[in-house]
Protein chains: 4
Amino acid sequence: MTDTLQQQLIIARKEQILAAAAVVFAAKGFHATTIRDIARQAGIADGTIYNYFGSKTALLTGIFEQMRERVLRQNPLPAPETLDLPAFIRLFIQQPLLALRGDNFALFRIILAELPVNEELRTLYHTQIMQPTLHLAEAYFTAQVAQRGIAPEDARLILRAIAGMVQGLLLQYILGDELLTEQWEQLPELLSGLLLHGLGPDPD
Amino acid sequence: MTDTLQQQLIIARKEQILAAAAVVFAAKGFHATTIRDIARQAGIADGTIYNYFGSKTALLTGIFEQMRERVLRQNPLPAPETLDLPAFIRLFIQQPLLALRGDNFALFRIILAELPVNEELRTLYHTQIMQPTLHLAEAYFTAQVAQRGIAPEDARLILRAIAGMVQGLLLQYILGDELLTEQWEQLPELLSGLLLHGLGPDPD
Amino acid sequence: MTDTLQQQLIIARKEQILAAAAVVFAAKGFHATTIRDIARQAGIADGTIYNYFGSKTALLTGIFEQMRERVLRQNPLPAPETLDLPAFIRLFIQQPLLALRGDNFALFRIILAELPVNEELRTLYHTQIMQPTLHLAEAYFTAQVAQRGIAPEDARLILRAIAGMVQGLLLQYILGDELLTEQWEQLPELLSGLLLHGLGPDPD
Amino acid sequence: MTDTLQQQLIIARKEQILAAAAVVFAAKGFHATTIRDIARQAGIADGTIYNYFGSKTALLTGIFEQMRERVLRQNPLPAPETLDLPAFIRLFIQQPLLALRGDNFALFRIILAELPVNEELRTLYHTQIMQPTLHLAEAYFTAQVAQRGIAPEDARLILRAIAGMVQGLLLQYILGDELLTEQWEQLPELLSGLLLHGLGPDPD
DNA sequence: GATGAATGAGTTTTCATTCAT
DNA sequence: AATGAATGAAAACTCATTCAT
């Protein structure tokens, strides 16, 4: 029992620190943030942070893990088999667009900024997010679109294009595109229509 | 005349420095690169850099500008009126995908990493790249797809989705997706087909 | 009784801590050792150490005292009067050379490193080791060598030279001299011979 | 020429820094000295030190090298062949005893304190000081004492004992022995006599 | 204009010590 | 008495920027 209490205290302190780090990282960016900033924000001493995290970088990966867990817990993926293709696509688009609402946008920005430059984080993102997601989706997706005459090779590329479309829209959102800010809610519906039917037949 | 010669020397020196900076930034990332690294690479003294650029950050924006000019010069945008919609879309996709091949991928990575964090760079990207591109394309695109029964509001969102798709694919490429590395050349054709016709009719 | 038991517990705990400290100091050196290292080695909490010793430095002096007592207990000095000069010299040399064998070499190294820099330890060494040793030896030694025509002033210097010889050999041993490592056992015999008879008469 | 001037400036600056470091090291010891202390003492900025020395430890080895060079320059070793054995011994003892007079005593203390604990410095001391000295002396010494009926093996040990005697006396001097401080000048004469003739014949 | 030595603020990280439980 | 989390001072080292030559 005591043991469990201890561990809960440790977890709570870790979360306190990560929360503080997230706030400051979001406001100033990873590199511009100092350990002191985070300690002040958390209301603790500088050294205390190192009782819970080995380095400044560990705070970043800690935030990443936390975000991943939170997203997965809030939006559990349904088995693709229970969906038809349109529903699958709408979900595939909707999920990340909505998962990052709220605080998570700020965190996504931080992580995005480090991804191109931080090897460890990149690997984490690749193995924890992209690979599982793509792997899960590929099996179902290639089978479905095969019925519509699309080769598996192409299907896998298209899946990446769809994932990319979502990521690219997030990027533009972060960069401050006003139209997207206004119309964000419309996107899932609009995009799944576009992907299913295209821009439509030649008018002639 | 002397004045012109002077100015040419200045421009040449600036380019020499930017080229060196690009090399080192690409290899080590922006933050991990020191002014000394760049000076060594350029074969000049540290202080000389400050005769031509006000700060380390100015080197980054300088590279950004240079890259933009180079891309525009190499791939001048044709007047959209001369293209039909399929050709337009293929071009709209192809342009950035190909423009960043070669060294520019590395630079794009650097800039991408700074974008979420660097206000100045973000504004530059927004006003110099995204806004002009979207503005130019919107007029033509909304008109074209209107003929296919798509509302202008939706058309503008779709244009961002297409741009986003391209950016997202670049991001995944940077993050090391193997399939994309192999099949990069197929993308323009495949994606324009997808966007024009969708995934195809329901098989039933 | 309880009081005595209490005190025995305290002494036992102190010895436990000192033993742990000695192990870690010997392995890593004084400055490179952390209180946590010692606590881990002793299987206790960091804070507990401070219930028994006032500071990290106090651990060092504690070890010093312990070592001194142990050496004295193991090798009680016989009354010089019971020895003739050759036996006295052999003993005077032998004692420190052998006393430090084993773990104590490592501790001697640590203490030696702190001696030049640590005032408190230096005083301790001077008053607890050198002064008593020299004082005890001087009375006997000056009287003995007076019979051989050596002035008391010179005798006292010579005594220091002999003590120095031993210390210097220990130093060289610590510094890694291979010959000494191999022939360590020969030293007492060889040196007492040298001191008594010198290098021998001029061959001519 | 300009090149030479540059290099002279660099050498001068290095010496300035080493001199400052020696002063502060001698006063406070190596570990208790901060880079800031040294910078203040030298009248320069902290960072400047790192333009000339890679680390704090490099300052220590720098001092060591400087001391070695200075000692060698001031007391060039004569070829042993030009000396008879008594002269050789007196010189062998005298040299280090006198070389360390003055500032060098303080430096020797610093180095002595680090020797047992600092691998790099220990190697330096071994290869630069002890090995060459012993090597040079051994050839001559073993040959000489062979004529007096001493085996080469023993001769080599005796040589170390003599060197040790000197080092041990230095150690006692550093530890504050008062008699040695007063009578320091007598030592070479007294010790060479002792070594050559021993304590004298048994009075009976 | 070019140089590169000097600067010193700023950063992460460590660790002896304290003290509430 | 034992604990070990919290503390925060301290320290080595880096590097963008300046400026005298």
Side-chain angles (χ1 to χ4, degrees), chain A residues 2 5-6 9-10 12-14 17 31-40 42-59, chain B residues 6 9-10 13 17 31-40 42-59, chain C residues 6 9-10 13 17 31-40 42-59, chain D residues 2 5-6 9-10 12-14 17 31-40 42-59:
Chain A
T2 304
L5 180 61
Q6 276 299 333
L9 282 175
I10 290 178
R13 190 41 69 94
K14 277 192 170 191
I17 292 171
H31 279 100
T33 295
T34 70
I35 290 289
R36 172 153 302 180
D37 290 334
I38 298 169
R40 291 264 164 78
I44 58 176
D46 298 16
T48 304
I49 291 177
Y50 286 88
N51 291 341
Y52 295 90
F53 296 91
S55 70
K56 193 181 162 189
T57 300
L59 291 172
Chain B
Q6 280 296 338
L9 282 176
I10 290 179
R13 190 39 73 96
I17 292 171
H31 279 100
T33 295
T34 69
I35 289 288
R36 173 154 301 178
D37 289 333
I38 299 168
R40 290 269 163 77
I44 59 177
D46 298 17
T48 305
I49 291 177
Y50 286 86
N51 292 339
Y52 295 90
F53 296 92
S55 71
K56 193 182 164 187
T57 301
L59 290 171
Chain C
Q6 280 296 337
L9 282 176
I10 289 179
R13 189 42 71 93
I17 292 171
H31 279 101
T33 295
T34 70
I35 289 289
R36 173 154 302 180
D37 289 334
I38 298 168
R40 290 268 163 78
I44 59 175
D46 297 17
T48 305
I49 291 177
Y50 285 87
N51 292 338
Y52 296 89
F53 295 93
S55 70
K56 193 181 163 188
T57 301
L59 290 171
Chain D
T2 303
L5 180 59
Q6 277 299 332
L9 282 175
I10 289 177
R13 189 42 68 95
K14 278 191 170 191
I17 292 171
H31 279 101
T33 295
T34 70
I35 289 290
R36 173 153 302 179
D37 289 334
I38 299 169
R40 291 266 164 77
I44 58 176
D46 298 16
T48 304
I49 290 176
Y50 287 89
N51 290 341
Y52 294 89
F53 296 92
S55 69
K56 193 182 162 188
T57 301
L59 290 172

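Letters A, B, ... are given to chains in the order of the sequence lines, protein chains preceding strands, and every chain is numbered from 1.
Regarding C:His31, its NE2 atom lies at a distance of 13 Å from the C1' atom of F:dA11, rounded to whole Å. Regarding B:Ile38, its CD1 atom lies at a distance of 12 Å from the P atom of F:dC15, rounded to whole Å. With rounding to whole Å, B:Asp37 atom CG is found 12 Å from F:dT14 atom C1'. The separation between C:Gln6 atom CD and F:dA1 atom C1' is 9 Å, rounded to whole Å. Distance, A:Asp46 CG to F:dA9 C1': 10 Å, rounded to whole Å. Rounding to whole angstrom units, CD1 of residue C:Ile35 and P of F:dT3 are separated by 14 Å.
Closest approach of A:Ile49 to A:Ile44, counting heavy atoms only: CG1-CD1, 3.9 Å. Summarising the geometry of B:Ala58 relative to B:Gly54, their closest heavy-atom pair is CB-N, 4.1 Å, with the distance given to 0.1 Å.
For the salt bridge (charged side-chain N to carboxylate O under 4.0 Å, His left out) with A:Asp46, the qualifying choice from A:Arg40, A:Arg36, A:Lys56 is A:Arg36, the only one to do so.
From B:Ile38, atom CD1 reaches atom OG1 of B:Thr33 across 6.0 Å, with rounding to the nearest 0.5 Å.
Mapped onto DNA chain F by nearest heavy atom, A:Arg36 and A:Ile10 fall at different nucleotides, with A:Ile10 at the one closer to the 5' end. For the pair D:Gly43 and B:Ile49, nearest-nucleotide mapping onto DNA chain E gives the more 5' position to B:Ile49. Annotation: of the two residues near DNA chain F, B:Gly54 and A:Thr48, the 5′-most nearest-nucleotide partner is A:Thr48. When each of C:Asn51 and A:Asn51 is assigned the nucleotide of DNA chain E with its nearest heavy atom, A:Asn51 is the one assigned upstream, toward the 5' end.
In this structure, D:Thr34 reaches the sugar-phosphate backbone alone: every heavy-atom distance under 4.0 Å involves primed, P, OP1 or OP2 atoms, never a base. Nucleic acid contact class of C:Ile44 (heavy atoms, under 4.0 Å, all strands): sugar-phosphate only. Counting any heavy atom pair closer than 4.0 Å across all strands shown, A:Thr57 reaches no nucleic acid atom.
Under the 3.5 Å distance criterion, with hydrogens and angles disregarded, no donor-acceptor pair is assigned to the side chains of D:Thr48 and D:Asn51.
From the 5' end on, the contacts that DNA chain E makes with chain D at under 4.0 Å to a non-hydrogen atom open and close at E:dA5 to E:dG8.
A:Lys14 places no side-chain N or O within 3.5 Å of a backbone atom of A:Leu9 that could act as its donor or acceptor partner.
Nucleotide F:dC13: paired with E:dG10 (Watson-Crick or G-U wobble, both distances less than 3.5 Å). Across all strands shown, F:dT3 is found opposite E:dA20 as a Watson-Crick or G-U wobble partner, with both distances under 3.5 Å.
For F:dA1, the OP1/OP2 oxygens have no side-chain nitrogen or oxygen of C:Tyr52 closer than 4.0 Å.
Proximity of A:Ile35 to A:Leu59: side-chain heavy atoms (C-beta onward) are separated by under 4.5 Å at one or more points.
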